[in-house]
Peer 1: 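Okay, here's the structure, questions in a sec.
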2 protein chains.
Amino acid sequence: MDNLSARRAKTLKDIAELAGVSVTTVSKVINNYSDVSDSTRAKVQAIIHKESFCPDPVASSLSGKASYSIGVILRYNPVWGLHHSFFYKVMFGLGRRLGQLNYDCVVFPDAWLGEPVDYLEKCVRRRVDGVVLMGVDFDSPNLEALAQSDLPCLFIDIVGDNYPGKNGYFLAWDHYQGACQAVDYLYALGHRQIGLLGGLPNTYPARSHRDGFKQRLSQYGLAIREEWIAGDDFTEESGYYAMKTILQQSSIPTAVVCQSDATAVGALRALEQAGLSCPGDVSIVGYDDIEVCRYTHPALTTIRQDTLLLGRMAADTIIECIREGCAPREQILPVSLIVRDSCRRIESNA
Amino acid sequence: MDNLSARRAKTLKDIAELAGVSVTTVSKVINNYSDVSDSTRAKVQAIIHKESFCPDPVASSLSGKASYSIGVILRYNPVWGLHHSFFYKVMFGLGRRLGQLNYDCVVFPDAWLGEPVDYLEKCVRRRVDGVVLMGVDFDSPNLEALAQSDLPCLFIDIVGDNYPGKNGYFLAWDHYQGACQAVDYLYALGHRQIGLLGGLPNTYPARSHRDGFKQRLSQYGLAIREEWIAGDDFTEESGYYAMKTILQQSSIPTAVVCQSDATAVGALRALEQAGLSCPGDVSIVGYDDIEVCRYTHPALTTIRQDTLLLGRMAADTIIECIREGCAPREQILPVSLIVRDSCRRIESNA
DNA sequence: CGTTTCCCAGAAACCGCTTTCGTTAATTAG
DNA sequence: CTAATTAACGAAAGCGGTTTCTGGGAAACG
């Protein structure tokens with residue numbers, strides 16, 4: 001059983017002995033110091049490769065270098081119910097990719113109840129090389145300290161413009177295009193009267209989505225009727241009441257596009273309760289492509305955000321940012337339309 | 001800004017100076033060594049408390065002691081779609097509780113694609129103090145090495161009897177009682193003809209659930225009709241086909257209890273397709289209380305498993321196991337019935 | 001040919017904590 | 001009152017790396 005006893009990871013010292021050099025030299029090779037001759041460097045590197053050696057992350061971080069770990073700040077929000085699997089997938093994609101890059105991620109859940117956690121303190125203690133924030137909404141004071149610190153931070157799926165960071169990286173979806181795709185699709189089906197079930201109005205996703213929505217309507221020469229635009233946040237409840245409000249108008253749209261699948265589900269409920277059918281009376285396009293879309297009646301046509309991809313991008317971005325120290329920036333990921341059963345073709349009556 | 005520069009965590013040395021003793025002594029106080037006088041101990045402890053000092057986990061683990069970190073092995077399974085938020089919540093509950101106990105968790109996602117990860121190696125390198133496994137199904141050879149190692153392992157929501165560990169802890173739900181509650185409820189509503197939509201037959205959850213189901217039926221003097229028992233696994237597809245199979249029988253049950261909400265959703269689809277209504281023709285009790293239950297038509301009556309509680313218990317258990325080194329054992333958590341709209345009262349016709 | 005550089009390599013200190021081991025002072029025994 | 005224990009503390013050597021600093025040998029210089 002070399003499994004039990006001999007199970008001891010190789011150390012710098014082992015490599016040094018194999019190569020017939022000092023520990024110092026091996027370390028220098030690894031850290032790309034210049035004062036190593038080409039021949040020694042090659043010799044050492046050969047052995048490192050042969051033994052597939054990788055410096056101990058714990059020791060490495062203790063001596064002030066990379067810990068090869070990324071902090072992940074998670075948030076649990078009862079309101080997001082339907083959305084949690086979204087985060088799970090992002091997180092999985094992130095973790096998996098990080099693993100490939102030889103990083104691990106350590107998660108810091110939000111406190112949720114009780115005293116708030118000091119993210120910065122936790123990150124410093126764990127010596128993480130960078131931080132990824134998911135589903136945070138900037139209401140925590142402790143978040144700001146983190147964002148203002150020297151630690152590279154990556155904000156995912158941000159909600160809110162006023163992020164506190166000076167050095168934040170953003171990963172977001174192209175909500176503008178998402179809205180465009182929804183409108184394009186509905187227009188192609190013959191819809192000319194289209195409403196919007198929005199999320200938290202002043203947030204980045206909601207606003208860019210709304211902008212895309214209005215842009216397309218204008219482009220097609222359709223009227224933007226403010227009474228067909230409703231909604232407070234991204235929850236199912238909000239969708240329900242928003243739809244109800246719209247249904248009280250003297251004339252109602254033939255289709256609505258939603259800013260989340262949860263609102264779409266709420267809209268569905270409002271329609272049913274009003275004795276209307278989807279897509280018979282009103283067509284609906286959701287947003288997010290969470291699991292439930294497939295199980296609603298009718299199954300929801302929606303805009304997919306590839307969560308595993310997002311996770312992978314997040315990993316690549318934060319690592320690059322750590323290694324290259326690149327400047328803060330924002331990355332926008334494409335979204336795609338997933339057609340299911342919640343939209344119907346309309347006879348020309350524009 | 002003591003934020004920036006003075007932002008350096010206290011070290012043993014700082015405490016030692018404040019207390020006027022040596023670093024060694026402080027360390028001994030922390031690690032409960034006996035060769036410290038009561039008075040010094042008290043003095044040092046006072047300062048530790050005052051400064052709310054906690055030894056650096058990285059340094060501590062490097063010198064062979066606790067790393068104050070727990071490894072979490074996550075699995076992403078496309079088949080579990082609807083179930084992912086379940087894991088998210090468990091994980092959140094786990095992480096939050098661990099945080100309270102001053103532990104952090106580092107996650108190791110399953111490889112999913114590409115070469116499998118060597119869990120044991122990862123855990124050893126990260127020097128985690130224990131491991132929690134969620135949603136694994138023991139098909140990975142590398143899992144076995146972990147379970148056979150000296151690392152305390154905790155298996156959550158296990159699927160399968162033949163877990164490979166010699167020192168595993170289990171945290172599971174009381175599926176037996178879950179089934180009983182479902183049957184009791186249906187019986188009280190007047191149902192006398194009850195079927196079962198099962199999951200993977202030879203797994204622990206499925207079998208204990210089935211046992212409870214049959215026990216209750218017998219207890220009430222109801223016939224156990226094998227042709228009303230169907231299902232291959234816990235997916236929506238399985239539920240769909242299982243329900244279809246049952247509907248093909250000459251007589252059909254007035255109610256079915258399911259071993260997962262996903263199967264219940266599938267059953268709902270099969271019913272609708274057959275032109276039958278729920279709960280009009282067939283009542284359904286789900287299992288798990290995942291988010292979708294609230295959004296199906298009708299909303300699903302189901303058996304709730306408190307995921308946040310599970311996470312918390314997992315944290316407490318693994319920590320206790322690490323600290324006290326207690327013997328492997330199995331903990332069974334209670335479940336509870338959540339009544340919604342998928343069951344109806346039946347007039348007496350037994 | 002003797003000096004001054006430059007190039008490489010290794011010794012040593014350090015990161016923050018644990019643990020062994022030695023030392024001193026106080027206690028008990030003889 | 002001395003000898004043998006015992007109690008209490010601290011110096012020092014790790015853990016596995018990183019980094020500074022020192023020094024020897026070869027090349028370049030006068």
Peer 1: Tell me: CG of A/Asn31 to C1' of D/dT20, nearest whole Å?
Peer 2: 14 Å
Peer 1: Need one value for A/Thr40: base, sugar-phosphate or nothing, where a base atom within 4.0 Å counts as base even if backbone is also close, heavy atoms only.
Peer 2: sugar-phosphate
Peer 1: Kindly say if B/Thr25 contacts the phosphate of D/dG10, meaning a side-chain N or O under 4.0 Å from OP1 or OP2.
Peer 2: yes
Peer 1: When you measure only distances, ignoring hydrogens and angles, does the side chain of B/Lys65 come within 3.5 Å of the base of C/dG16 through a donor and an acceptor?
Peer 2: no
Peer 1: What nucleic acid atoms does A/Ser27 come within less than 4.0 Å of, heavy atoms only: base, sugar-phosphate, or nothing?
Peer 2: base
Peer 1: Counting the atoms with a prime plus P, OP1 and OP2 as sugar-phosphate, which does A/Val58 contact under 4.0 Å by heavy atoms, base, sugar-phosphate, or nothing?
Peer 2: nothing
Peer 1: If I take atom OH in residue A/Tyr33 and atom P in nucleotide D/dC21, what distance separates them, rounded to the nearest angstrom?
Peer 2: 12 Å
Peer 1: Can you tell whether the side chains of B/Arg125 and A/Asp104 come within less than 4.0 Å, N to carboxylate O?
Peer 2: no
Peer 1: To the nearest Å, how far apart are A/Asp56 CG and D/dG14 P?
Peer 2: 18 Å
Peer 1: What's the OH-P distance between B/Tyr68 and C/dG16, to the nearest Å?
Peer 2: 17 Å
Peer 1: Starting at the 5' end of DNA chain D, which residue's closest nucleotide do you reach first, A/Val23 or B/Arg41?
Peer 2: B/Arg41
Peer 1: Phosphate oxygens OP1/OP2 of D/dC9: is one of them under 4.0 Å from a side-chain N or O of B/Ser37?
Peer 2: yes
Peer 1: Whole-Å distance between D/dC15 C1' and B/Arg125 CZ?
Peer 2: 14 Å
Peer 1: Taking atom C1' of C/dC17 as reference, at what distance in whole Å does atom CZ of B/Phe53 sit?
Peer 2: 8 Å
Peer 1: Does B/Asp56 reach the side chain of B/Thr11, with side-chain heavy atoms less than 4.5 Å apart?
Peer 2: no
Peer 1: Any Lys/Arg nitrogen of A/Asp129 or A/Lys65 sitting under 4.0 Å from an Asp/Glu carboxylate oxygen of the other?
Peer 2: no
Peer 1: I want to check one thing: is the phosphate of D/dG10, taken as OP1 and OP2, less than 4.0 Å away from some side-chain N or O of B/Ser22?
Peer 2: yes
Peer 1: Among D/dG16, C/dG10, D/dG10, which is the nearest nucleotide to the side chain of A/Leu62?
Peer 2: D/dG16
Peer 1: With sugar-phosphate meaning primed atoms plus P, OP1 and OP2, does B/Asp35 contact a base, only sugar-phosphate, or nothing at under 4.0 Å between heavy atoms?
Peer 2: base
Peer 1: What residues from residues 12-20 of chain A pass a heavy-atom cutoff of under 4.0 Å to DNA chain C?
Peer 2: none
Peer 1: Nearest to the side chain of B/Lys28, which nucleotide is it out of C/dT18, D/dG17, C/dC21?
Peer 2: C/dC21
Peer 1: Applying side chain to side chain donor-acceptor pair (under 3.5 Å) to B/Thr24 and B/Ser27, what does each step give before you reach the verdict?
Peer 2: CA-CA 5 Å; B/Thr24 308; B/Ser27 174; over 6 Å; no
Peer 1: Could you tell me whether a side-chain N or O of B/Ser63 sits under 3.5 Å from a main-chain N or O of B/Ser60, the two making a donor and an acceptor?
Peer 2: yes
Peer 1: Judged by each residue's nearest nucleotide on DNA chain D, which is more toward the 5′ side, A/Cys54 or B/Val36?
Peer 2: B/Val36
Peer 1: Just how far, in rounded Å, is C1' of D/dC9 from NZ of B/Lys43?
Peer 2: 11 Å
Peer 1: With distance as the sole criterion, is a donor-acceptor pair present between the side chains of B/Asp110 and B/Tyr119 under 3.5 Å?
Peer 2: yes
Peer 1: Look at the side chain of A/Ser69 and the backbone N and O of A/Cys105, then say whether any donor-acceptor pair between them is shorter than 3.5 Å.
Peer 2: no
Peer 1: Look at the side chain of B/Thr24 against the base of D/dA11 and say whether a donor-acceptor pair falls under 3.5 Å; ignore hydrogens and angles.
Peer 2: yes
Peer 1: In terms of the angle between their ring planes, are A/Tyr88 and B/His84 parallel, tilted or perpendicular, with boundaries placed at 30° and 60°?
Peer 2: parallel
